[in-house]
There are 2 protein chains.
Amino acid sequence: MAADPTRPSRAEQRRQTEARILDAARRLFAASGFDRTTIRAVATAADTDPGLVMRYFGSKDELFARVAELSPDRPVAGSPEEVAELLLTSLADKLSTDMSGTLAMLRSMLTHPDAGEEVRVAVTEQQRQVAAAIPAEDAVLRAGLIGALTLGTVIGRHLLQLDGVRDAEVTDIVEVLRPAVHAIAGVGPAPEAAGTPAS
Amino acid sequence: MAADPTRPSRAEQRRQTEARILDAARRLFAASGFDRTTIRAVATAADTDPGLVMRYFGSKDELFARVAELSPDRPVAGSPEEVAELLLTSLADKLSTDMSGTLAMLRSMLTHPDAGEEVRVAVTEQQRQVAAAIPAEDAVLRAGLIGALTLGTVIGRHLLQLDGVRDAEVTDIVEVLRPAVHAIAGVGPAPEAAGTPAS
DNA sequence: CATTTCAGTCAACATCCGTAGACTGAAATG
DNA sequence: CATTTCAGTCTACGGATGTTGACTGAAATG
């Protein structure tokens, strides 16, 4: 019944509290978006005080900027076929990873101007790279539509939770989407009928 | 200098005011979403008073429900090829029509639970019909991914305004997406190489 | 013309939010 | 031990929002 032999130091205590706040913020922003998530709710969920949240993170906007993040897309390049495969791998990441930080951003992208811009910039950058690899007049459009397909799939799975998409295996989704991505990228049918083609 | 010969009757006046309010609400909800659109802003944009908006439409939620609407999808059926073509026609509608009522709904779907449910139900219904026409074990997944592609395309064009997608001709988008939709629907390559196939 | 109806206006209320600042007590420091 | 630092708590302010209700004046009604 003695007191804890290793009581956390003050610095450690603070780190834990900050972490609890960040976790709660990520979760609530992802679940309800920026506007409907209140500092008070974050504080309650983190079992602390609104004042502390402000003192540690400055403002609601700064807290949001801290936890809402798009995991950076890896650069894509090569032949259209290679680019398509890289995009499918990238999509697989987005469908499997935890992503609550990303979901916070995506959830708010249609109503929070900053979040919308951030998503737009990220998609546009990937679009630019993809377009550069597609030999066609309408390369930008094609790349943009691949971005739209990606975005729609992530939204459908994680935010709208569409039947069949919500619970599907990531590999199955990629399988179904492979010929579609290849088609939009302007290449012929998928390299192989089924299974991820080896090297 | 005489007074207007045909001064609008009181009933007519009211109809005009209601129409101004509805127009303003549609526009503002579409531009900023539910939470960031205030009754006061709607009233100002409609050149009236917040109290009047309340008296005519009851509450902010009712006003939103009145102007935010998904134009009903026409039923789709037939062979996978036919269904794919019907979906592309439906998509073309969604990309060209004015749509500010639809945009009000879509803009809010990620942050306003009711709007999210309404979109989900609409997509799910179309998904059900499409899945019924696809002879495959994973028909529901495939139909869901076509829904995701559609949703992503509309979002990319009207809400995120992606480069190349924002300004593209509707027919060009449909052209690029045709083989993709056919591929996801599980049919072979598009029926024709280019141009809308005649009957 | 007398009366009623009602579109439109105005002011206020209750609530919630982000945020600021004073305060407390225990841990760190010398 | 005396002093300082600082994590954590509490209270309150200023502003915005949805919503309500009283009021006004002109159009409709008989």
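Labels below follow one simple rule: chain letters A, B, ... track the order of the sequence lines, proteins then strands, and each chain is numbered from 1. Atom set for the values below is all heavy atoms of this structure, side chains included, hydrogens, waters and symmetry mates excluded. In this text, all values refer to a predicted model and were calculated from it rather than measured experimentally.
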Does CD in B:Glu169 sit with more than 12 non-hydrogen atoms of other residues, nucleotides or ligands closer than 6.0 Å?
-> no
Residues passing the side chain to side chain donor-acceptor pair (under 3.5 Å) test with B:Asp163, sequence neighbours excluded, are none
Residues in residues 35-48 of chain B with a heavy atom under 4.0 Å of DNA chain C, by number, are none
Between the main-chain N or O of A:Arg157 and the side-chain N or O of A:Arg166, is there a donor-acceptor pair closer than 3.5 Å? no
From the list B:Gln126, B:Gln127, B:Glu125, side chain to side chain donor-acceptor pair (under 3.5 Å) partner of B:Gln129 resolves to B:Glu125
Atom CD1 of A:Ile21 and atom C1' of D:dG8 are separated, to the nearest Å, by 10 Å
Between the protein and nucleotides 28-30 of chain D, list the N/O to N/O atom pairs that are separated by less than 3.5 angstrom.
| unit_1 | atom_1 | unit_2 | atom_2 | d |
| --- | --- | --- | --- | --- |
| D:dA28 | OP1 | B:Arg10 | N | 3.1 |

A:Gln16 CD to D:dA7 P, in whole Å, measures 13 Å
Q) Are any non-hydrogen side-chain atoms of B:Arg142 and B:Leu145 less than 4.5 angstrom apart? A) no
When rounded to whole Å, the CD to C1' distance for the pair A:Gln13 and D:dT5 reads 16 Å
Worksheet entry | Test log, rule salt bridge (Lys or Arg N to Asp or Glu O under 4.0 Å), inputs A:Asp47 and A:Arg20 | CA-CA 8 Å; A:Asp47 199 42; A:Arg20 282 205 317 278; 5.2 Å; no
Q.
A quick test of your reading: do over 12 heavy atoms of other residues, nucleotides or ligands sit less than 6.0 Å from CZ of B:Arg74?
A. no
From CZ of A:Arg15 across to C1' of D:dG8 the rounded distance in Å is 17 Å
So, with a heavy-atom separation below 4.0 Å from DNA chain C, the residues of residues 53-61 of chain A are A:Met54, A:Ser59, A:Lys60
Rounded to whole Å, CZ of A:Phe64 lies from P of C:dG18 at a distance of 13 Å
Separation of C:dA7 atom C1' from B:Leu52 atom CG, nearest Å, is 7 Å
Sequence neighbours excluded, the answer for side-chain contact (heavy atoms from CB on, under 4.5 Å) partners of B:Ala115 is B:Phe64, B:Met105, B:Ser108, B:His112
Rounded to the nearest 0.5 Å, the CG atom of B:Asp172 sits from the CD atom of A:Glu137 at a distance of 10.0 Å
Exercise for the section: Kindly indicate whether the side chain of B:Leu160, heavy atoms from C-beta on, has any atom under 4.5 Å from the side chain of A:Val119. Expected result: yes
(request) Please test A:Asp73 against A:Lys94 for salt bridge (Lys or Arg N to Asp or Glu O under 4.0 Å), starting from the C-alpha separation and ending with a verdict. (result) CA-CA 10 Å; A:Asp73 290 310; A:Lys94 289 169 185 155; 2.9 Å; yes
Dot-bracket for DNA chain D, 5' to 3', Watson-Crick and G-U pairs with both distances under 3.5 Å, [ ] for crossing pairs, | for partner on another strand, reads ||||||||||||||||||||||||||||||
When rounded to whole Å, the CG to C1' distance for the pair A:Asp49 and D:dC10 reads 7 Å
- Message: Any side-chain to backbone donor/acceptor pair from B:Arg66 onto B:Leu22? Under 3.5 Å, distance only.
- Response: no
Rounded to whole Å, CD of A:Glu18 lies from C1' of D:dG8 at a distance of 13 Å
* To do: State whether the side chain of B:Ser90 and the backbone N or O of B:Leu86 hold a donor-acceptor pair below 3.5 Å, judged by distance alone.
  => no
